[in-house]
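First the structure, in the form of structure tokens, and then the observations on it.
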2 protein chains.
Amino acid sequence: MAYKVKGTIWIEGPGGTFLGLGRVNLLQKIAETGSISEAARRMNMSYRQAWEHVDAMNRESKTPIVITNTGGQGGGGTIVTKEGLKALKQFEKLHKRFQSFTSRETTKVKL
Amino acid sequence: MAYKVKGTIWIEGPGGTFLGLGRVNLLQKIAETGSISEAARRMNMSYRQAWEHVDAMNRESKTPIVITNTGGQGGGGTIVTKEGLKALKQFEKLHKRFQSFTSRETTKVKL
DNA sequence: TTGCGTTATACCTGAACATGAATAACGGAT
DNA sequence: ATCCGTTATTCATGTTCAGGTATAACGCAA
């Protein structure tokens, strides 16, 4: 069986993508480190790209996904809200079900 | 429910993408018209892009998906093989099941 | 007031990618 | 031999996109 069913999946809000796999990974790193910069560094992602993801997520969400603080001890930081963690967990489950779907479909492909 | 689960899906061969929604639409048009050029015209796709899709499909398939003829009455043309039609139908079914999956998952999203 | 690390934003440049134009090759019909 | 519409391929160009740099704003600590 040389063929594989592959795909990508995401949750879309009224104005565009809300949550995808990349953003979920980023959210996890932010939750761990409390910092967008540090999360970006660990993922080998530019700060700018990370910030744009964060900004887009907040724009697509009624309730904030992360709360950022500028200035203060350590320069500031950002925390992932309760709603952010909830969305994160929901996407993880969705993604697992999607992975089941693709591998199940792969076994069905007869070419 | 403002959020929707969206995604894309495709069948991948050893060397890259074999069949996706765009290629399936193109295959259908080729089967109808017997011509890559005419199919491209009807889809508002450049001939080059259409030809590259066709070439890639044949490269990723053990048995040819389309057979092209250059020269002759009408300048030539291309036909979709039996295996091509089979692959086309299989992808259509896969895509329908994927659409069911995403709409089912959309109802599960609680944010 | 100065220093610090973070958030926030603008700008520039190089690379990847899509597009369109141009052209050759082909082979049956007239 | 010439014409025709198609397949097949190359080239130049334009446009989007990621990357890096640079810099301002912020607010607490010393």
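The sequence lines fix the lettering, A, B, ..., with proteins before strands; numbering per chain opens at 1. Basis for what follows: all heavy atoms, side chains included, without hydrogens, waters or symmetry-related copies.
Rounded to an integer number of Å, the gap from CZ of A:R48 to P of C:dT13 is 15 Å. To the nearest angstrom, P of C:dT23 lies 17 Å from OH of B:Y47. Here C:dA29 presents its C1' atom at 16 Å from CG of B:N69, a figure rounded to the nearest Å. With rounding to whole Å, A:E52 atom CD is found 11 Å from D:dG19 atom P. Distance, B:H53 NE2 to C:dC17 C1': 13 Å, rounded to whole Å. Nucleotide C:dT6 holds its C1' atom 15 Å from the CD1 atom of A:I79, rounded to whole Å. For A:L26 and C:dT7, the CG to P distance is 11 Å, given to the nearest whole Å.
For C:dA8, the OP1/OP2 oxygens have a side-chain nitrogen or oxygen of A:W51 closer than 4.0 Å. Distances shown here put every side-chain N or O of B:Q73 at or beyond 4.0 Å from the OP1 or OP2 atom of D:dC4. OP1 or OP2 of C:dT7 lies within a sub-4.0 Å distance of a side-chain N or O belonging to A:S37. Between A:T68 and C:dA8 there is a side-chain N or O to OP1 or OP2 distance below 4.0 Å. Close to D:dT6, at under 4.0 Å from its OP1 or OP2, lies a side-chain N or O of B:R41.
Within 4.0 Å (heavy atoms only), A:G72 reaches at least one base atom of the nucleic acid.
In the hydrophobic cluster analysis, where Ile, Leu, Val, Met, Phe, Trp and Tyr join through side-chain heavy atoms closer than 4.5 angstrom, B:I67 is grouped apart from B:L88.
Of the two residues near DNA chain C, B:G75 and A:G76, the one whose nearest nucleotide lies more 5' is A:G76. Residue A:V54 is the one, among A:V54 and B:Q49, whose nearest nucleotide of DNA chain C lies closer to the 5' end (criterion: closest heavy atom). Both A:G71 and B:D55 sit near DNA chain D, but only B:D55 has its closest nucleotide nearer the 5' end.
Ion pair A:K96/A:E92 not flagged as a salt bridge, since none of the NZ, NE, NH1 or NH2 atoms sits closer than 4.0 Å to an Asp/Glu carboxylate oxygen. Ion pairing between A:K86 and A:E83 fails under the 4.0 Å rule for side-chain N and carboxylate O.
The aromatic rings of A:F98 and A:H95 are tilted relative to each other, their planes meeting at an angle between 30° and 60°.
Checking A:W51 against A:Q49 by side-chain atom types alone, no donor-acceptor pair falls below 3.5 Å.
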